[in-house]
*Asks:* 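This is the structure I have questions about; it appears just below.
All heavy atoms count here, side chains included; hydrogens, waters and symmetry mates do not.
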Amino acid sequence: MTETSQYAIPDRVESPVRPAAPATGLGRWLLKHRVQPVVGPESGETHAVPQSWWKVMCLTGVDYFSTLSYLPAIAALAAGAVSPLATLLIVALTLLGMLPMYRRVAKESPHGQGSVAMLENLLPFWRGKLFVLVLLGFVATSWIITITLSSADATVHLLENPLAPGFLHGHEVAVTVVLLLVLGGVFLLGFSEAVGVAIPLVAVFLLLNAVVVAAGVVQVLSEPVVLDRWVDALTASGGFTGAVGPAVLAFPLLVLGLSGFETGVSMMPLVASKGRTEQERLADRVRNTRKLLTTAALIMSVYLIATSFVTTVLIPAEEFRPGGEANGRALAYLAHELLGEGVGTAYDISSILILWFAGASAMAGLINIVPRYLPSYGMAPDWSRAVRPVVIVYTVICVLVTIVFNADVNAQAGAYATGILAMMVSASVAVAISAVRRRQRKAAAAFTVLTLILVYALVENVIEKPDGLTISLFFILGIIAISLVSRVTRTTELRVEHIEFDETARRFVSATLAHDGAVTLIANRRQAGDAAEYAEKEAEQRGTNPVPGTADVLFLEIDVVDPSDFSEVLQVRGVEVDGHRILRADSPAAPNAIAAILLALRDCTGVRPHCHFAWSEGNPLGHLFRYLLLGRGDTAPVVREIIRASEPDPDRRPGIHVGG
């Protein structure tokens with residue numbers, strides 16, 4: 001006889017109420033791929049076919065590398081002749097700060113949640129949840145605006161090309177919306193399709209940039225006068241001391257070129273890995289992600305220095321100003337000037353495509369991180385774990401944002417910068433705290449300095465473009481409001497993934513069934529937990545509730561551990577106190593746990609259990625708020641309502657009895 005067959009119930013029982021399978025083909029297609037919550041290294045979390053690290057790098061690179069389309073022009077406009085020096089500061093920050101920081105994030109948060117997961121446990125209970133919601137608000141700001149701004153920028157590049165059809169001018173919003181809808185359509189097909197699109201886009205774009213840089217270097221060597229002119233401009237700025245000032249002032253504007261790091265770690269679940277065990281595969285995934293981050297940083301650093309140099313030296317300063325032909329498109333300007341209209345148009349097309357698809361890495365990041373939190377907190381419907389429905393939701397939001405901002409790149413730039421920099425600051429704070437806790441003094445000092453640099457960039461950006469913070473606050477408030485409404489509407493769900501009964505609990509249930517063929521329980525909120533408490537409680541319930549005189553009773557106790565959590569595995573333990581037998585479990589909410597246990601006992605034993613309660617003292621409205629915030633209240637009515645919502649047949653519902 002197996003261990004399970006010795007007792008009336010097994011050691012593991014799936015949730016008594018399972019989500020109904022979609023009835024239509026469309027429903028099955030929409031819910032096919034789901035993002036799973038991370039509960040450990042062995043959790044199922046892959047909602048797409050894992051890809052080689054270099055392929056995933058291309059998906060992150062459509063955002064990271066696409067900044068070459070506009071970053072050299074921003075640097076030249078902000079810093080003038082010293083823009084190569086400002087770019088060197090960004091490269092130093094990339095290789096000495098951001099890369100070590102995100103390599104550490106990849107190791108300490110290997111499931112794609114990034115710095116949010118590292119900071120999640122800093123604050124307990126509801127404060128921690130609200131903290132995460134604020135961080136997710138900045139994440140949403142950053143990546144939603146990345147999608148809309150990149151598509152709007154692609155539209156600008158499209159319409160500035162001399163071969164663009166004239167009828168498109170004046171219809172920037174419509175063109176951008178079409179680009180967004182096509183991008184969403186690619187993700188509805190699947191992640192593999194998105195990666196397949198990203199690889200050639202990145203390869204062609206980097207190749208064309210290399211061609212333009214090479215042509216620029218040849219031009220500088222063939223016309224030394226342009227180099228002399230640049231050196232004179234550099235000298236006129238006041239030497240080294242005069243050059244440092246503009247470089248430092250331009251620095252916050254160029255930090256935006258580092259946005260690919262956060263999306264890189266967010267897509268860790270998509271990185272293929274090898275190993276015989278889950279732990280080995282997890283370690284290999286971390287190694288592969290570090291290869292991704294390092295390779296992308298090295299490629300970008302080389303391109304940043306090279307492109308900044310040739311554009312600053314070869315393009316007249318007036319062309320970088322608003323209205324100039326190189327404003328926002330320095331390399332495209334050089335491509336047309338040095339290589340002719342054919343190559344220039346090819347560069348324009350490549351820029352348009354990679355800027356349009358730059359939103360793909362942001363979309364992938366949103367899909368990988370947000371559904372790992374909100375549904376687990378009960379702050380979003382369970383269907384929001386499914387990839388395709390959330391792609392549709394994000395696409396609709398992006399279309400609305402584009403319409404609100406009239407597809408204006410400059411109007412969205414502040415929110416983009418605020419979101420990106422806030423994410424970077426959160427990552428630097430997370431790794432600094434990690435280093436302090438591990439007593440790694442040098443690392444802690446280095447990451448603290450990095451945090452101060454990023455905070456400086458964030459503050460400068462907020463001062464320069466305060467509307468970015470305002471837009472971010474709207475996203476944060478929207479997420480918090482939707483989350484709280486969802487939490488309230490999901491109060492009558494069972495909230496359990498499955499229930500585990502230890503051997504003592506299973507023996508108690510089997511013994512009570514053998515005694516009288518019934519399962520009779522008394523709900524108790526433990527105080528002293530001694531024999532006198534249980535004897536008094538049993539006598540009280542037998543006197544006020546219809547407990548049969550010969551009934552064998554079990555006590556049922558739920559200890560509320562963290563009411564801000566929403567669901568978890570229920571572990572039911574059997575405990576005996578001076579002959580009184582108790583089934584005891586920890587849960588975020590007592591009524592939901594009691595209802596789940598009663599339904600599980602019914603399903604496993606075939607007997608309709610009866611549970612007896614005492615009335616709670618106090619105002620019913622106060623009990624409601626205590627239940628929502630603290631997981632306790634007037635338990636009996638809530639248990640009855642949860643069971644009613646879960647079981648449509650009244651004759652099959654466990655009995656709930658209240659007396660006193």
Side-chain angles (χ1 to χ4, degrees), residues 62-63 65-77 144-186 197 200-202 204-205 208-209 211-212 256-257 307 311 315-316 318-360 362-363 395 398-417:
V62 291
D63 175 25
F65 301 142
S66 69
T67 58
L68 293 172
S69 293
Y70 54 83
L71 208 60
I74 293 176
L77 183 62
I144 290 290
I145 299 297
T146 295
I147 297 170
T148 58
L149 183 144
S150 298
S151 294
D153 203 14
T155 300
V156 171
H157 279 70
L158 171 64
L159 298 183
E160 286 183 351
N161 187 274
L163 300 180
F167 69 86
L168 292 179
H169 292 275
H171 299 285
E172 288 81 0
V173 174
V175 173
T176 305
V177 168
V178 170
L179 293 178
L180 291 172
L181 293 177
V182 175
L183 177 66
V186 172
V197 172
L201 289 182
V202 168
V204 171
F205 182 72
L208 286 172
N209 275 276
V211 170
V212 174
L256 304 181
T307 56
T311 53
I315 300 177
E318 61 270 14
E319 296 294 347
F320 290 112
R321 300 190 183 102
E325 293 185 21
N327 181 250
R329 53 190 302 272
L331 288 167
Y333 174 89
L334 280 185
H336 283 273
E337 288 290 316
L338 301 179
L339 299 169
E341 289 301 318
V343 176
T345 298
Y347 188 90
D348 285 338
I349 294 172
S350 180
S351 295
I352 291 165
L353 290 175
I354 199 168
L355 282 168
W356 158 65
F357 210 65
M363 181 73 80
T395 302
C398 289
V399 169
L400 293 175
V401 169
T402 296
I403 294 172
V404 168
F405 287 101
N406 201 32
D408 188 333
V409 174
N410 293 327
Q412 301 173 71
Y416 174 69

*Asks:* Does Phe320 offer a backbone N or O that forms a donor-acceptor pair with the side chain of Asn327 under 3.5 Å?
*Replies:* yes
*Asks:* Any donor-acceptor pair under 3.5 Å linking the side chain of Thr155 with the backbone of Ser151?
*Replies:*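 Checked: pair present.
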*Asks:* Evaluate Val186 against Met363 for side chain to side chain contact (heavy atoms under 4.5 Å, CB included), listing each step before the verdict.
*Replies:* CA-CA 11 Å; Val186 172; Met363 181 73 80; over 6 Å; no
*Asks:* By the definition side chain to side chain contact (heavy atoms under 4.5 Å, CB included), identify the one residue from Val62, Thr67, Val204 that meets it with Ile354.
*Replies:* Val62
*Asks:* To the nearest 0.5 angstrom, please state how far the CZ atom of Phe205 sits from the CD1 atom of Ile349.
*Replies:* 13.5 Å
*Asks:* So, taking the atom named CD1 in Ile147 and the one named CG in Leu179, what distance separates them when rounded to the nearest 0.5 Å?
*Replies:* 13.0 Å
*Asks:* Let me know which of Val182, Leu201, Asp63, Val202 forms a side chain to side chain contact (heavy atoms under 4.5 Å, CB included) with Phe357.
*Replies:*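 Going through the options one by one, the only one that passes is Leu201.
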*Asks:* So, do Arg329 and Val156 sit near enough that their side-chain heavy atoms are less than 4.5 Å apart?
*Replies:*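 No; the side chains remain at least 4.5 Å from each other.
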*Asks:* So which heavy atom on Pro72 is nearest to which on Thr311, and how close?
*Replies:*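 Minimum heavy-atom separation between Pro72 and Thr311: CB-OG1, 3.7 Å.
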*Asks:* As a quick check of understanding, evaluate side chain to side chain contact (heavy atoms under 4.5 Å, CB included) for Phe65 and Asn209, giving each step before the final call.
*Replies:* CA-CA 10 Å; Phe65 301 142; Asn209 275 276; over 6 Å; no
*Asks:* Could you give the distance from CG (Leu159) to CD1 (Ile352), rounded to the nearest 0.5 Å?
*Replies:*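 If I round to the nearest 0.5 Å, the distance is 8.0 Å.
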*Asks:* CD1 of Ile403 to OG1 of Thr148: how many Å apart, nearest 0.5 Å?
*Replies:*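 Nearest 0.5 Å value for the CD1-OG1 distance: 11.5 Å.
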*Asks:* What closest approach, in Å, do Leu355 and Ser66 show between heavy atoms, and which atom pair accounts for it?
*Replies:* CD2-O, 4.0 Å
*Asks:* Show the nearest heavy-atom pair for residues Ala335 and Val212, with the distance to one decimal.
*Replies:* CB-CG2, 3.8 Å
*Asks:* Do the side chain of Thr402 and the main chain of Cys398 share a donor and acceptor less than 3.5 angstrom apart?
*Replies:* yes
*Asks:* What's the spacing between Asp348 CG and Leu331 CG if we round to 0.5 Å?
*Replies:* 11.0 Å
*Asks:* For Ala154 versus Trp356, what's the shortest heavy-atom pair and its separation?
*Replies:* CB-N, 3.7 Å
*Asks:* Ile315 and Ala326: which non-hydrogen atoms are nearest, and at how many Å?
*Replies:*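 Result for this residue pair: CG2-CB, 3.8 Å.
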*Asks:* Less than 4.5 Å apart, side chain to side chain, heavy atoms only: is that true for Thr395 and Leu183?
*Replies:*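 No, too far: nothing below the 4.5 Å cut-off.
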*Asks:* Any side-chain to backbone donor/acceptor pair from Glu325 onto Glu319? Under 3.5 Å, distance only.
*Replies:* no
*Asks:* Looking at Leu208 and Ala346, what are the two nearest heavy atoms and their distance?
*Replies:* CD1-O, 3.7 Å
*Asks:* Hey, could you give me the OG1/CG distance between Thr307 and Leu68, rounded to the nearest 0.5 Å?
*Replies:* 5.5 Å
